[in-house]
J.: 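To start, I am sharing the structure in question, which I have written as structure tokens.
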Amino acid sequence: MISVSKLLCGLAAAGDGLRYDDPSGPDQITEQRQRKPVVVWNTTKGCNLYCEHCYAGAETEPATGELSTAEGKRLINELAAFGVPVVLFSGGEPLVRDDVTELVGHAADRGIRPVLSTNGTLLTRERARDLRDAGLAYAGVSVDGLPETNDAFRGEEGAFDAAVDGIEACLDAGLKTGLRYTVTERTVDDMPGVIDLLHDVGVDRFCFYHLDYGGRGAAVQDADLTPAARRRVVRRLCDLTREYHADGAEIETLLVGNYADAAFLVEYAREELGATAARRVYEYLRRNGGDPAGERVADIDYRGDVHLTQFWQGYALSNVRDRPFGRIWTDTANPLLSRLRTREDHLSGKCADCCYRDVCRGGSPLRALAVHGDPFAPDPQCYLTDAERQRDVPPADGNGVSEPAD
Amino acid sequence: MADMRERTRVERSSGDGREWETFVRQDPDSSLRHVGSVTAGSEGVAYEQAATLFGDAADIWLCPAEDMCRYAERPLCDRIEDAADA
Ligand code: SF4
Ligand code: SF4
């Protein structure tokens, strides 16, 4: 998760601490907690919608074997004991479970920051208030395009309006609420319009996800952007963010799921803001650490399987019914887990000598696996030019003299 | 020696496709190790997936998850009542 607004506009992101891999997070969360992953918990496989790109492969009927309320609470206790800072309640659609508010409350009681990822269509005012009272810290609502595009993608007419109603319900309840938007060929053109429309509704946090190649997302790879188009949209988002800020609207914009963006942001800063700013951006991103799979993010699915990211459902490390999460996560006898955590040493192809590997780490191992059959091969979504990959980093000052990072 | 430890049988519900418990022997003289599970519709695809994830292992063994019997000393259902909560 890369905060464009924070990096380019120096905004003290209001989302501090929501995700510790957010560059604005580390100041807020203790060293100890920083090393622990944000956990995405797919509480259910059931969903009231049927989207084409669903990484969880959600179905309209919940699957058997979901963790029960009691199991969920015990899981939360174990996550708290392990020091997990944030649990993202996801699905499927988490709000199809009627115990979600109870589980959110339990996480908050145990000192975990509970956040929600939802399609928004089931968020009534009453539900939003209950979630707020239970201690929910943030609701991320998925919208993928303006009404026509979104509803076609989500497989339901009226889904856009229902999601906006849900967003309004959250904002009325005083819940911090943001947009989740997956950028594909089909949704890319609607992006500025959606920011505009939701900004009018009162949303000020906008997260843009690159498509990962897991679940049904793997089947819609063809709808993914070309590298050139991806570069254009990231540049557009950088420009837009700066324009909003110049107009006094301090929106928070974030990019998720493709760490070539980190390299691009340094390039963008160098071009638009100068070498000193670029160096500052680079240092921030280097501390942030690049792609988080298997390290700063973990996923637990509805039946307790532990995955390396929420998108990587085709491989499980183990199951929390067998073994506590902390033991699974620290068991580096697993060769894949240990290689992911030292992946700088295993990157191949153009990533092996890329000057940005400290801020990117080769991008998404899942996309590399899906396309090249090797998680340590270059991310097929990388859009950096050869010249950019061979630069001097960190960027030196204009006169060639490096200054200490601040 | 008699086994004095108590274990509970753990059920693992299957997901979408078939789950394959995966074991690798990293070097010819090391022991076989459980390294998780892959989802695949057939043995051939399961093997391919395991081989891309654990390509440098000497041996790879796969077993359909539904054919595994799992007995754990401290499964989650028993941990629920644990007094030593966080
Ligand atoms: S992407 Fe979200 S809303 Fe769409 S089917 Fe999957 S869980 Fe449901
Ligand atoms: S070449 Fe590899 S490490 Fe460099 S930016 Fe692209 S994906 Fe990242």
Side-chain angles (χ1 to χ4, degrees), chain A residues 45 56-57 59 63-83 110-112 215 301-308 313-325 327-328 331 333-337 339 346 365 368-370 372-377, chain B residues 7-27 30-41 45-46 48-60 62 65-66 68-86:
Chain A
K45 199 174 159 67
E59 301 290 344
T64 53
E66 277 178 7
L67 296 180
S68 66
T69 310
E71 285 177 309
K73 286 185 173 173
R74 178 64 221 181
L75 170 64
I76 288 166
N77 294 352
E78 292 181 354
L79 296 178
F82 183 57
R110 298 287 166 156
I112 293 180
D301 73 18
Y302 64 98
R303 62 203 164 108
D305 271 9
V306 176
H307 304 282
L308 298 163
Q313 297 284 320
Y315 168 70
L317 291 167
S318 186
N319 187 289
V320 298
R321 282 187 167 124
D322 291 327
R323 216 179 170 197
F325 174 81
R327 299 243 168 88
I328 297 171
D331 187 356
N334 181 309
L336 179 58
L337 195 59
R339 270 154 60 91
H346 307 290
L369 180 68
H372 303 299
D374 173 6
F376 301 99
Chain B
R7 301 183 191 86
T8 308
R9 192 169 197 281
V10 184
E11 295 297 336
R12 181 173 188 238
S13 64
S14 58
D16 270 349
R18 247 176 128 189
E19 299 288 334
W20 300 78
E21 296 296 347
T22 307
F23 303 82
V24 302
R25 189 190 314 283
Q26 204 59 32
D27 307 301
S30 59
S31 50
L32 206 59
R33 184 189 291 283
H34 180 241
V35 291
S37 60
V38 295
T39 311
V45 177
E48 263 172 45
Q49 293 199 8
T52 58
L53 298 176
F54 303 100
D56 57 349
D59 301 333
I60 297 178
L62 296 158
E66 68 263 26
M68 302 284 291
C69 305
R70 311 150 87 94
Y71 292 88
E73 191 177 24
R74 306 282 297 141
L76 187 62
C77 54
D78 286 358
R79 303 199 301 267
I80 288 170
E81 301 306 332
D82 214 327
D85 271 358

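A quick note: this is a predicted structure, and the numbers were derived from the prediction, not measured. Lettering of chains follows the sequences in order, A, B, ..., and the numbering in each one begins at 1.
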J.: Start with the C-alpha gap between L76(B) and R74(A), add the side-chain angles, then the distance that decides, and say whether side chain to side chain contact (heavy atoms under 4.5 Å, CB included) holds.
T.: CA-CA 8 Å; L76(B) 187 62; R74(A) 178 64 221 181; 3.6 Å; yes

J.: Using a cut-off of 6.0 Å, state whether more than 12 heavy atoms not belonging to R33(B) lie near its atom CZ.
T.: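 Check fails, neighbour count at 12 or below.
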
J.: Check whether E21(B) gets within reach of chain A through its side chain, its backbone, both or neither, counting any heavy atom under 4.5 Å.
T.: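 When you check distances to chain A, no heavy atom of E21(B) falls under 4.5 Å.
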
J.: Most heavy-atom pairs under 4.5 angstrom with chain A, which of V24(B), L53(B), V10(B)?
T.: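 Greatest number of close heavy-atom pairs with chain A: L53(B).
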
J.: How long is the gap from CZ on R74(B) to CZ on R327(A), to the nearest 0.5 Å?
T.: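 It is 9.5 Å, given to the nearest 0.5 Å.
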
J.: Is it the side chain or the backbone of L336(A) that comes within 4.5 Å of chain B heavy atoms, both, or neither?
T.: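 Both backbone and side chain.
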
J.: Of the non-hydrogen atoms in Q26(B) and P335(A), which two are nearest, and what is the gap between them?
T.: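 Closest approach of Q26(B) to P335(A), heavy atoms only: OE1-CG, 3.6 Å.
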
J.: Which region of D301(A), side chain (C-beta onward) or backbone (N, CA, C, O), has a non-hydrogen atom less than 4.5 Å from a non-hydrogen atom of chain B, or is it both or neither?
T.: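 Interface part for D301(A): neither.
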
J.: Is R339(A) close to chain B through its backbone or its side chain, or both, or neither, when contacts mean heavy atoms under 4.5 Å?
T.: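 It is the side chain, since no backbone atom gets that close.
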
J.: Where does E73(B) contact chain A at under 4.5 Å (heavy atoms): side chain, backbone, both or neither?
T.: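 Interface part for E73(B): neither.
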
J.: For the CZ atom of R321(A) and the CZ atom of R79(B), what is their distance to the nearest 0.5 Å?
T.: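 One gets 10.5 Å once the value is rounded to the nearest 0.5 Å.
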
J.: Quick check for you: among P365(A), P375(A), S318(A), A333(A), which has the greatest number of heavy-atom pairs under 4.5 Å with chain B?
T.: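 Among P365(A), P375(A), S318(A), A333(A), the one with the most close pairs to chain B is A333(A).
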
J.: I'd like to verify something: which residue of S68(A), G65(A), A316(A) has the highest number of heavy-atom pairs under 4.5 Å with chain B?
T.: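 Most pairs with chain B among the choices: A316(A).
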
J.: Do you know which two heavy atoms are closest between N334(A) and V35(B), and how far apart they sit?
T.: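 Reported closest heavy-atom pair: ND2-O, 3.2 Å.
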
J.: Under 4.5 Å from any heavy atom of chain B, what part of L67(A) do you find: side chain, backbone, both or neither?
T.: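 Side chain of L67(A) only, per the 4.5 Å heavy-atom cut-off to chain B.
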
J.: Working to the nearest 0.5 Å, report the span between NE2 of H34(B) and CG of D322(A).
T.: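 Those atoms lie 8.5 Å apart.
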
J.: As an exercise, state the distance from OG1 of T39(B) to NE2 of H307(A), rounded to the nearest 0.5 Å.
T.: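 Those atoms lie 7.0 Å apart.
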
J.: Does any heavy atom of chain B fall under 4.5 Å from the side chain of A63(A), the backbone, both, or neither of them?
T.: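 Neither part.
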
J.: Side chain, backbone, both or neither: which part of N319(A) has a heavy atom under 4.5 Å from chain B?
T.: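 For N319(A), side-chain heavy atoms alone lie under 4.5 Å from chain B.
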
